[in-house]
Amino acid sequence: MQIYEGWDSFKNMPIIDKMPYFKHNDNIFDVIYTQQFDRNYLDYLFSLADKIRKIAKNKSGKDFLQTILSDKRALLFFVQPSTRTFLSFLTACQVLGVQTCEIRDPSTSSEVKGESVEDMIRTFSSYVDLIITRHVDEGFAERAAWVLNTHAKRSLPVINAGSGKDEHPTQALLDIYTIQRAYSNKGGISGKNVILVGDLKRGRTVRSLCKLLALYDDIKISFVSPKEFAMREDVLDFLTINKVKFEITDNLKQVLPLADVVYATRLQDEHDAVKGESRLIDLSSFSLQYENLRFMKEDSVIMHPFPRRNEIDVKIDNDKRAHYWKQARNGMWIRIALILKIFQRDKILIDWL
Ligand code: NCD
């Protein structure tokens, strides 16, 4: 297989040095790592998403939104399982009038015929204006964006919709947007106690969320997991460098009463080295039961990126503290805002309201 020159040295650069490659005219063009977002960007995206929700409340607003990117086409290249992320990106495109095509089964693409990532991506770029991708290979989205920025004449944005066990930057956006909305009249995100519980070692959503929480003041994170699924060192180092307080525990009951946010995640057993090995670990004390609610703050926020197995008792679903259904819907709105911002069509909305 042909290998494009330069990839190996690019891949090994620190993320901070790679980030400028994914900006065009000072605007984030490719969304690859969560560290690309800063507070200003988040605040702007939240207000844009709120504005879009208002505009979309009636038919004339919806019709208007559909004109904004009706000259664009997007490919959803999702070769790893996905329900919410896929649907929320697809519907986000539909809201903006972006036409879409999709590849979801890797056995139907030319990857199986031995085509290189570079040739495949350049082929995609002949047909569409945006690539949204989820891939088991941690470096796939980065490599796709790199090849388009450095080797192709036609440059188009790439959005990472989940890269292996590593990153899920747009999930982090919807998670932080959900927390911001829940606490908008209660002091905002700063100063909050956040519990992250479950398979923290292999869950990309919690890894990415930590990087956004670090943008706020006085956050405290409790990592709650069995030691086999503890948060990895790279994220802990990131938090230490960014002066975020955290603790590591396996006692959920003890930390629950102080929590403002409880974010549960499932066992990521698709990443087991030996199939079924992680099922041997007892996770029963790492799930939220209905009885636990009475020990929790009245206005705490319970979240889950989904899919859920038994991390949150379904009896909790109707409690006002359950935010996971809102969380899924917030995903569509914040992705609409993100796509608008990437194409720099966001200013069109200023005149509308
Ligand atoms: C998550 C993912 O794919 O990382 N799901 C999602 O995108 N909402 C979480 C998971 O699969 O556990």
Side-chain angles (χ1 to χ4, degrees), residues 31-34 76-93 102 104-106 132-142 158-179 194-213 223-226 228-232 234-235 261-272 278-279 281 283 286-288 301-312 314 317 322-336 338-339:
V31 174
I32 309 297
Y33 328 104
T34 312
L76 286 92
F77 183 67
F78 273 58
V79 290
Q80 233 196 343
S82 178
T83 302
R84 274 145 294 269
T85 308
F86 178 80
L87 279 178
S88 66
F89 267 119
L90 182 72
T91 49
C93 286
E102 62 191 62
R104 300 204 63 179
D105 178 353
I132 305 165
T133 180
R134 165 172 288 196
H135 207 284
V136 68
D137 176 356
E138 291 181 6
F140 181 85
E142 180 186 66
V158 174
I159 301 178
N160 174 5
S163 47
K165 302 190 283 301
D166 190 33
E167 280 264 19
H168 198 344
T170 65
Q171 177 75 36
L173 285 181
L174 74 94
D175 290 341
I176 205 84
Y177 181 47
T178 301
I179 303 173
V194 181
I195 292 182
L196 304 176
V197 54
D199 185 345
L200 308 178
K201 183 179 176 188
R202 304 175 297 181
R204 56 192 171 195
T205 66
V206 278
R207 291 173 53 76
S208 292
L209 180 55
C210 282
K211 295 172 188 164
L212 293 191
L213 287 170
F223 293 110
V224 187
S225 75
E228 292 85 348
F229 300 135
M231 180 53 84
R232 284 183 263 159
D234 63 328
V235 171
V261 177
V262 181
Y263 188 107
T265 63
R266 74 175 168 93
L267 177 67
Q268 308 279 317
D269 47 1
E270 68 271 37
H271 298 299
D272 282 359
S278 55
R279 299 238 171 174
I281 296 161
L283 280 168
F286 299 93
S287 62
L288 213 54
V301 173
I302 302 171
M303 298 171 67
H304 194 306
F306 275 28
R308 154 173 70 175
R309 290 181 186 166
N310 38 29
E311 303 81 35
I312 300 176
V314 290
D317 290 9
H323 281 249
Y324 28 93
W325 299 111
K326 289 183 201 161
Q327 198 183 339
R329 190 157 168 81
N330 287 339
M332 180 181 79
W333 298 114
I334 206 76
R335 288 175 171 126
I336 295 171
L338 180 69
I339 294 169

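Keep in mind it's a predicted model, so treat the numbers as computed, not measured. As the structure lists them, so they are numbered: ligands from 1, and atoms in each ligand from 1.
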### Query
side-chain contact (heavy atoms from CB on, under 4.5 Å) with Arg134: which residues, sequence neighbours excluded?
Phe78, Gln80, Ser82, Thr85, Ala161, His168, Arg204
### Message
Is the ring pair Phe140/His135 parallel, tilted or perpendicular, if the boundaries are 30 and 60 degrees?
### Response
parallel
### Query
Going by atom types alone, do Glu228 and Ser278 pair a side-chain donor with an acceptor below 3.5 Å?
no
### Query
Arg279: what forms a side-chain hydrogen bond (donor to acceptor under 3.5 Å, both in side chains) with it, not counting sequence neighbours?
Asp269
### Query
Considering residues at least two apart in sequence or located in another chain, which fulfil the ring pair (Phe, Tyr, Trp, His ring centres under 6.0 Å) criterion with Tyr177?
Phe46
### Message
Using a strict threshold of under 4.0 Å (side-chain N to carboxylate O), is an ion pair present between Asp166 and Arg232?
### Response
no
### Query
Under a 4.0 Å heavy-atom cut-off, what residues line ligand 1?
Thr85, Arg134, His168, Gln171, Arg204, Thr205, Arg266, Gln268, Pro305, Phe306, Pro307
